[in-house]
Each structure stands twice: as C-alpha cells, then as structure tokens.
Student: 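Questions regarding the structure given below will be posed in turn.
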Amino acid sequence: MATKLEKLETVAERAEGHTEKIGNLLVEIFQFFALFVIGATVVWSAVLAYWGMMQKGVGSVDDILLLFIYLELGAMVGIYFKTNRLPVQFLIYVAVTMMTRSLASSLNIADMESLHLLSVTGAVLILAVAVLVLRYASHVPPFISHTDSEVSGRKQSEEALG
C-alpha cells in the first residue's frame, strides 16, 4: 500500500513540475508578444507624430519633445526585452519630458498662473532628485541584516560539512 502511495506522490510531483514549466512558458510567450505590441504601438505613434510634423512643414519644440518621449518609451521597451527588467529611470525621464513639454506648449510662461508654474517645476525637481537617488542606490550594495548573515553562514558551514 505504501509503494502505491509513494508512486502516486511521485506522479503528482512530476505533474506539478510540468504544470509549472508550462505556466512559465505561457507567461514568457505573453510577455514576448506584449513587448512586440507595445513596441509596435510606440513606433506607429512616433511615425504618425512625425508625419504630422512633416504635413505642417515645421516642428515645434512641443513636437520635438513628443518625439523624445517616444524615443524614451522605445528605449524602455528595448531594455525590458533584453534584460527582462523594467527601467524605472526611463519612466521618470518620460514624466520629466512630459512636464517640460507641457511648460513648452504653454503660449507664454508669463501668462501661466504662478501656482501651476511652481507645481510643474517643483514636480520636475522632485523627479530629478528621484533619478539621482535611483542612480546612487544602484551603486550601493544591498543591506544585509544580522539575521540574514547568520542564516547564510549556517548554509555555508553545512555545505562545507556535507
């Protein structure tokens, strides 16, 4: 009786392993497909924006900043495709460029309400500080607590003995 139960457990473990592999494969396929859709959408939008500039016969600062937003979004998709990590800094760059674009698209900064001008420039400053913090944090080794070092020390000593 015990051997049948052991065989059943073995079959269940194998099935669980196969299910996990299939699930991981489906997630990777979805991410791959979604990245291509997002990338194609960014390219399509950038081409249409550029075509609109060509039709007008002139590119304003507002239009050029819009193209930079598309460039940053495309770079973000490319980095995610290569590294499988979402570069948060690029999202912040997009936000800064969008706020700069909103300032540039205003007819005259002198006509803007002072509170609006102060809030947008303050947000740009906060986002710039956030980029600075992210860059600094990427060069600092992660914090390891005292309990984490004890656990890893025990694992290393067990590996040396076993």
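One is the number of the first residue; the rest follow in order along the sequence.
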Student: State, yes or no, whether a side-chain contact exists between K56 and D63 at a heavy-atom distance under 4.5 Å.
Tutor: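 Yes. Closest side-chain heavy atoms under 4.5 Å.
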
Student: Tell me, do L127 and M99 make a side-chain contact under 4.5 Å, heavy atoms counted?
Tutor: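 Side-chain contact under 4.5 Å: yes.
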
Student: Is the distance from the ring center of F32 to that of F81 below 6.0 Å?
Tutor: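 Ring centroids of F32 and F81 are less than 6.0 Å from each other.
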
Student: Can any side-chain N or O of S45 pair as donor or acceptor with the backbone N or O of V42 at less than 3.5 Å?
Tutor: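 Side chain of S45 to backbone of V42: no pair is present.
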
Student: Could you state whether V96 and V88 fall into the same hydrophobic cluster, counting links through intermediate Ile, Leu, Val, Met, Phe, Trp or Tyr residues with side-chain heavy atoms under 4.5 angstrom apart?
Tutor: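 Yes; tracing contacts between hydrophobic side chains, which count when under 4.5 Å, links both residues.
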
Student: Is it the case that the ring center of F33 lies less than 6.0 angstrom away from the ring center of F30?
Tutor: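 Between F30 and F33, the centre distance exceeds or equals 6.0 Å.
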
Student: Verify the neighbour count for atom CE of M98: are there more than 12 heavy atoms of other residues, nucleotides or ligands below 6.0 Å?
Tutor: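 Not more than 12 within 6.0 Å, no.
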
Student: Do F36 and Y80 share a hydrophobic cluster, counting only Ile, Leu, Val, Met, Phe, Trp and Tyr and linking them when any side-chain heavy atoms are less than 4.5 Å apart?
Tutor: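 Yes; tracing contacts between hydrophobic side chains, which count when under 4.5 Å, links both residues.
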
Student: Got a donor-acceptor contact below 3.5 angstrom from the R101 side chain to the L65 backbone?
Tutor: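 It does not hold such a pair.
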
Student: I need the L26 CG to K21 NZ distance, nearest 0.5 Å.
Tutor: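 Nearest 0.5 Å value for the CG-NZ distance: 14.5 Å.
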
Student: More than 12 heavy atoms of other residues, nucleotides or ligands under 6.0 Å from CD of Q55: is that the case?
Tutor: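 Counting neighbours around CD of Q55, more than 12 heavy atoms of other residues, nucleotides or ligands fall under 6.0 Å, so yes.
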
Student: Is there a side-chain contact between I69 and L73 (heavy atoms, below 4.5 Å)?
Tutor: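 A side-chain contact exists here, since the closest heavy-atom pair is under 4.5 Å.
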
Student: Is there side-chain contact between L134 and I92, with heavy atoms separated by less than 4.5 Å?
Tutor: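 Sidechains of I92 and L134: in contact.
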
Student: Among the clusters formed by ILVMFWY side chains lying less than 4.5 Å apart, do I38 and L91 turn up in the same one?
Tutor: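 Same cluster: I38 reaches L91 through Ile, Leu, Val, Met, Phe, Trp or Tyr contacts under 4.5 Å.
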
Student: Rounded to the nearest 0.5 Å, what separation is found between the CD atom of E72 and the CZ atom of F90?
Tutor: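 The distance works out to 7.5 Å.
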
Student: Got I79 and R85 here, is their nearest side-chain heavy-atom distance under 4.5 Å?
Tutor: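 With C-beta onward as the side chain, the pair stays apart.
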
Student: Check the pair I64 / F68 against side-chain contact (heavy atoms from CB on, under 4.5 Å), numbers first and verdict last.
Tutor: CA-CA 6 Å; I64 294 168; F68 268 106; 4.0 Å; yes

Student: Would you compute the distance between atom CD1 of I29 and atom CG of N24 and round it to the nearest 0.5 angstrom?
Tutor: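 Reported value, rounded in 0.5 Å steps: 11.0 Å.
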
Student: Is there a continuous path of hydrophobic side-chain contacts, each under 4.5 Å between heavy atoms, that joins V47 to Y50?
Tutor: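 In one cluster with V47: Y50, no.
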
Student: State the CG-CE distance between L71 and M76, to the nearest 0.5 angstrom.
Tutor: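 With rounding to 0.5 Å, CG (L71) is 11.5 Å from CE (M76).
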
Student: How long is the straight-line distance from CG of L48 back to CH2 of W51, given to the nearest 0.5 Å?
Tutor: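 Result: 10.5 Å between the selected atoms.
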
Student: Say whether V43 and L67 are linked into one hydrophobic cluster, either directly or through other cluster members, by side-chain heavy-atom distances under 4.5 angstrom.
Tutor: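 No; L67 is not reachable from V43 via cluster members.
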
